[in-house]
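Presented below is the structure to which this report refers.
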Protein chains: 2
Amino acid sequence: MGMTIRDIAEMCDVSTATVSRVLNSPDQVAEKTREKVLQVIKEENYIPNQIAKNLNSNITNNIALFIFDIMNPFFTKLIKEANRIAFDWNYSLIICDTENEKERELKYLNYINKSKFAGLILTEGISGEILEKLDPSYPVVCIDRYINSNSNRNYPIITSENREGARKAVEYLVTLNHKKIAHVSGTPGVKTADERKQGYLDIVEKYELPVDERYIYTGDFRTESGIKALEYFLSLEEMPTAIFCANDLMAKGLLGRSMSLNINVPGDLSIIGFDGILNNSYYKLTTVKQSIAQMASVAMKELINLIEKKTVSPKERKIPGKLIVGDTCQKL
Amino acid sequence: MGMTIRDIAEMCDVSTATVSRVLNSPDQVAEKTREKVLQVIKEENYIPNQIAKNLNSNITNNIALFIFDIMNPFFTKLIKEANRIAFDWNYSLIICDTENEKERELKYLNYINKSKFAGLILTEGISGEILEKLDPSYPVVCIDRYINSNSNRNYPIITSENREGARKAVEYLVTLNHKKIAHVSGTPGVKTADERKQGYLDIVEKYELPVDERYIYTGDFRTESGIKALEYFLSLEEMPTAIFCANDLMAKGLLGRSMSLNINVPGDLSIIGFDGILNNSYYKLTTVKQSIAQMASVAMKELINLIEKKTVSPKERKIPGKLIVGDTCQKL
DNA sequence: ATGAAAGCGCTAACAC
DNA sequence: GTGTTAGCGCTTTCAT
């Protein structure tokens, strides 16, 4: 059963309050008392019961991270980093893996309400509609997603420079003399997808590229839609010479399908992705790398700050992306 | 702040004990009372405070899963499945991502002791030495790892049929008329590595293959050691015609390096992996697929059983693997 | 079948 | 600077 604060108090001939103070506000305790208590705590290897602490504050150390698929490498990396930071700050990260099913989202939300989570990190892994049921007093930070504007919620958001990153990617293709540059977009309505598409359009407009809406294929961020995208572009009269994909997974699908059709990349077709999460030993994909570690770090620290100090930093934080030149683009 | 059990009790003109009974042992309550209480609970949308419950039992709903790297696809998948099951049973899965650092392992263990976890799932993500510090009364289930035999602990273990699976793989190569079959082993001392190697040796012996210890390269389960392995085998006078890798990641390294050296797979070299976790659009790796979902499921249910009913099933459970024929092996 | 009351281990307001 | 005491919200004896 282990020691309790009372055992320590008795052994030290002080009250439990004093022991508690030694642990939580040591400067309120006389040095002599403090040292004695610390000594005994150490000797007895006393560890305060976290549950009892939680009951007082009515808050656990659990932080929820909403995502829609653990296997998606972007989220896997995000989990890895967020988990590390949470632990370093004495929190536990609970992964709410919703698979985009409303039912699971709801179950998770109820669970959170019941278990008194300390705070939440949201990505696209939960719909705004379900989110309405969350007690508005919960500390929340968003990563790369907005909340429906018709809600009265106003959470801080950490986001990558999607539009700017997409511009970098497409402009890079322009410098390689590409003109017929196509785009495989992500799921419409999803912030990152829309912004990256907008970045693409910015450059199309800036350089007055000879492309139209037929050069935009609407994907859904999954590998399969990259495969379909390639087949779609092949069906056009004029095949693009370069394709900018809204994420690496779709670029991977495109690349794989190209290979199997004996289309030479980058000889016949240049491909560029977005995310920088593919660690592939066959191809080095040219891509816009987001610093997922940095996003996780900024988001977690913001959340912990919100939880512990209740202070809010700037509402929106942008994390810059970086063009990584791999082997999948070629100068014309 | 939300409703408490007391609010409900007052609204129903019963005691808190009765409300508690309605929730936890309903058959002890008169039907009429029960219905009234349930009615009010529903109307008021009362949710019992989990922390308070935990304080009584002195146990949280947290289950720890020890791994050494979230990004390793085997673990990613394991996390995904374990997380789902945990949640379905009203537990939270906490990922203890140790990166094989003793310091982190120790920190996690202390955290678990402090926070009164319900139970632990262990993989190779924690060393036996550190484990000694774990309170022996904790419910624990192991996946594909044993505990040092000099310890007095005796945890149930869920394991894949490593040796049998390896035999299937190598025997398959034999049926393809390969004789010079090499092996890239995993980290020595790690159960899965040793067993898979043993399976390889079984077949070597069974068919009296003309290979010796030079055909065994000692790897460490990481992609890089697959790359090094290929270079090593190339340096031999007689290159093997087929290589069995102790996991997919190393097979991937081998495959990637082969490609970049213009070695045709499977034309010049057949490669076979183990795990079945690579979902690659370039190559379909021939491999022995483990049912990670099944392992996770069996392990979690065993653990939950241990936690809630304190009953133990058979000490060791073997989950069969299955040979998946892809595109990386060829008949000689 | 139900209620009263003690207690889980800790914190914090108040008193000295 | 330290002790007393009343909770935090629930479960669980022990009465009735």
Side-chain angles (χ1 to χ4, degrees), chain A residues 1-38 40-41 44-62 90 112-118 135 137 308, chain B residues 1-38 40-41 44-62 90 111 113-118 135 137 308:
Chain A
M1 202 52 233
M3 290 269 144
T4 74
I5 200 172
R6 220 164 137 172
D7 298 327
I8 301 297
E10 282 171 8
M11 297 177 79
C12 296
D13 271 320
V14 296
S15 71
T16 60
T18 298
V19 178
S20 176
R21 281 188 202 107
V22 168
L23 260 12
N24 300 305
S25 36
D27 36 314
Q28 284 180 34
V29 182
E31 184 170 348
K32 230 177 148 180
T33 322
R34 195 195 322 147
E35 282 180 358
K36 188 170 77 183
V37 173
L38 284 174
V40 174
I41 285 177
E44 299 297 325
N45 201 15
Y46 161 70
I47 304 170
N49 184 317
Q50 188 68 44
I51 308 177
K53 294 177 91 161
N54 290 341
L55 183 56
N56 278 283
S57 59
N58 203 24
I59 284 180
T60 62
N61 318 286
N62 289 169
N90 201 39
I112 286 166
N113 280 325
K114 180 172 67 181
S115 300
K116 314 288 173 187
F117 274 44
D135 183 330
S137 67
E308 297 182 353
Chain B
M1 201 52 232
M3 290 270 145
T4 73
I5 199 172
R6 217 162 140 174
D7 298 327
I8 301 297
E10 281 171 9
M11 298 177 79
C12 298
D13 271 319
V14 297
S15 72
T16 59
T18 299
V19 178
S20 176
R21 283 189 200 104
V22 168
L23 260 13
N24 300 307
S25 37
D27 36 314
Q28 285 181 34
V29 182
E31 184 170 348
K32 230 178 147 181
T33 322
R34 195 193 323 145
E35 281 179 0
K36 188 171 76 181
V37 173
L38 284 174
V40 174
I41 284 177
E44 299 297 325
N45 199 17
Y46 162 68
I47 304 169
N49 183 317
Q50 187 69 44
I51 307 177
K53 295 177 91 161
N54 290 341
L55 183 55
N56 279 284
S57 59
N58 204 23
I59 285 181
T60 62
N61 317 286
N62 290 169
N90 201 36
Y111 187 78
N113 280 325
K114 180 173 65 182
S115 299
K116 314 287 173 189
F117 275 43
D135 183 331
S137 66
E308 297 182 353

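What you are looking at is a predicted structure, and each value in this text was computed from that prediction instead of being measured.
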Exercise for review: Starting at atom NZ of Lys32(B), determine the distance to atom C1' of dT2(C), rounded to an integer number of angstrom.
Suggested key: 15 Å
Review point. Contact class for Asn54(B) (heavy atom, under 4.0 Å): base, sugar-phosphate, or nothing?
Key: nothing
Exercise for review: May I ask you to say what Thr33(A) touches in the nucleic acid, namely base, sugar-phosphate or nothing, with a heavy-atom cut-off under 4.0 Å?
Suggested key: sugar-phosphate
Review point. To the nearest angstrom, how far is Leu23(B) atom CG from dT12(D) atom P?
Key: 12 Å
Check your understanding: Under 4.0 angstrom, heavy atoms only, what part of the nucleic acid is Asp7(B) near: base, sugar-phosphate, or nothing?
Key -> nothing
Review point. Distance check: side-chain N/O of Tyr46(B) vs OP1/OP2 of dC10(D), anything under 4.0 Å?
Key: yes
Review point. Across the strands shown, which category fits Ser20(B) at heavy-atom distances under 4.0 angstrom: base, sugar-phosphate, nothing?
Key: base
Review point. Going by modelled atom types, is there a donor-acceptor pair between the base of dG9(C) and the side chain of Asn58(B) at under 3.5 Å?
Key: no
Check your understanding: Regarding Lys114(A) and Asn90(B), is there a side-chain donor-to-acceptor distance under 3.5 Å anywhere?
Key -> yes
Review point. Of the nucleotides dT11(D), dG9(D), dT4(D), which has the atom closest to the Ala17(A) side chain?
Key: dT4(D)
Check your understanding: How many Å lie between CD on Gln28(A) and P on dA13(C), as a whole number?
Key -> 10 Å
Exercise for review: Classify the nucleic acid contact of Asp27(B) as base, sugar-phosphate or nothing, counting any heavy atom under 4.0 Å across all strands shown.
Suggested key: nothing
Review point. So what does Val14(B) touch, heavy atoms closer than 4.0 Å: a base, only the sugar-phosphate, or nothing?
Key: sugar-phosphate
Check your understanding: Taking only side-chain nitrogens and oxygens of Ser15(A), does any of them come within less than 4.0 Å of OP1 or OP2 of dG3(D)?
Key -> yes
Practice item. Indicate yes or no for a side-chain donor-acceptor contact from Lys36(B) to the backbone of Cys12(B) under 3.5 Å, with no hydrogens or angles considered. Key: yes
Practice item. Look at all strands and tell whether Ala30(B) reaches a base, only sugar-phosphate, or nothing, counting heavy atoms closer than 4.0 Å. Key: sugar-phosphate
Exercise for review: Calculate the interatomic distance between Glu31(B) atom CD and dT2(C) atom C1'; express it in whole Å.
Suggested key: 17 Å
Practice item. Report the residue (Arg21(B) or Ile51(B)) whose heavy-atom-nearest nucleotide on DNA chain D is the more 5′ of the two. Key: Ile51(B)
Point to revise | Any side-chain donor near an acceptor of the partner, Asn49(A) and Asn58(B), under 3.5 Å | key: yes
Review point. Out of dT11(D), dC10(C), dG3(D), which nucleotide sits closest to the side chain of Lys53(B)?
Key: dT11(D)
Review point. Once you round it to whole Å, what is the distance between C1' of dT11(D) and CD1 of Ile5(B)?
Key: 8 Å
Point to revise | Length of the line joining Asn56(B):CG and dC10(C):P, which is rounded to integer Å | key: 15 Å
Point to revise | Length of the line joining Gln50(A):CD and dC8(C):P, which is rounded to integer Å | key: 19 Å
Check your understanding: Should Asn24(B) be listed as having a side-chain N or O under 4.0 Å from OP1 or OP2 of dT11(D)?
Key -> yes
Point to revise | Asn61(B) CG to dC10(D) P, straight-line distance once rounded to whole Å | key: 14 Å
**Study point:** Donor-acceptor under 3.5 Å (Arg21(B) side chain, Val29(B) main chain)
**Key:** no
**Study point:** Residue pair Glu44(B) / Asp7(B), side-chain heavy-atom distance below 4.5 Å
**Key:** no
Study note, to complete from the structure: OG1 (Thr16(B)) and CD (Glu10(B)) are apart, to the nearest 0.5 Å, by 10.0 Å
Review point. According to a strict under-4.0 Å criterion, is Thr18(B) in side-chain N/O contact with OP1 or OP2 of dG3(C)?
Key: yes
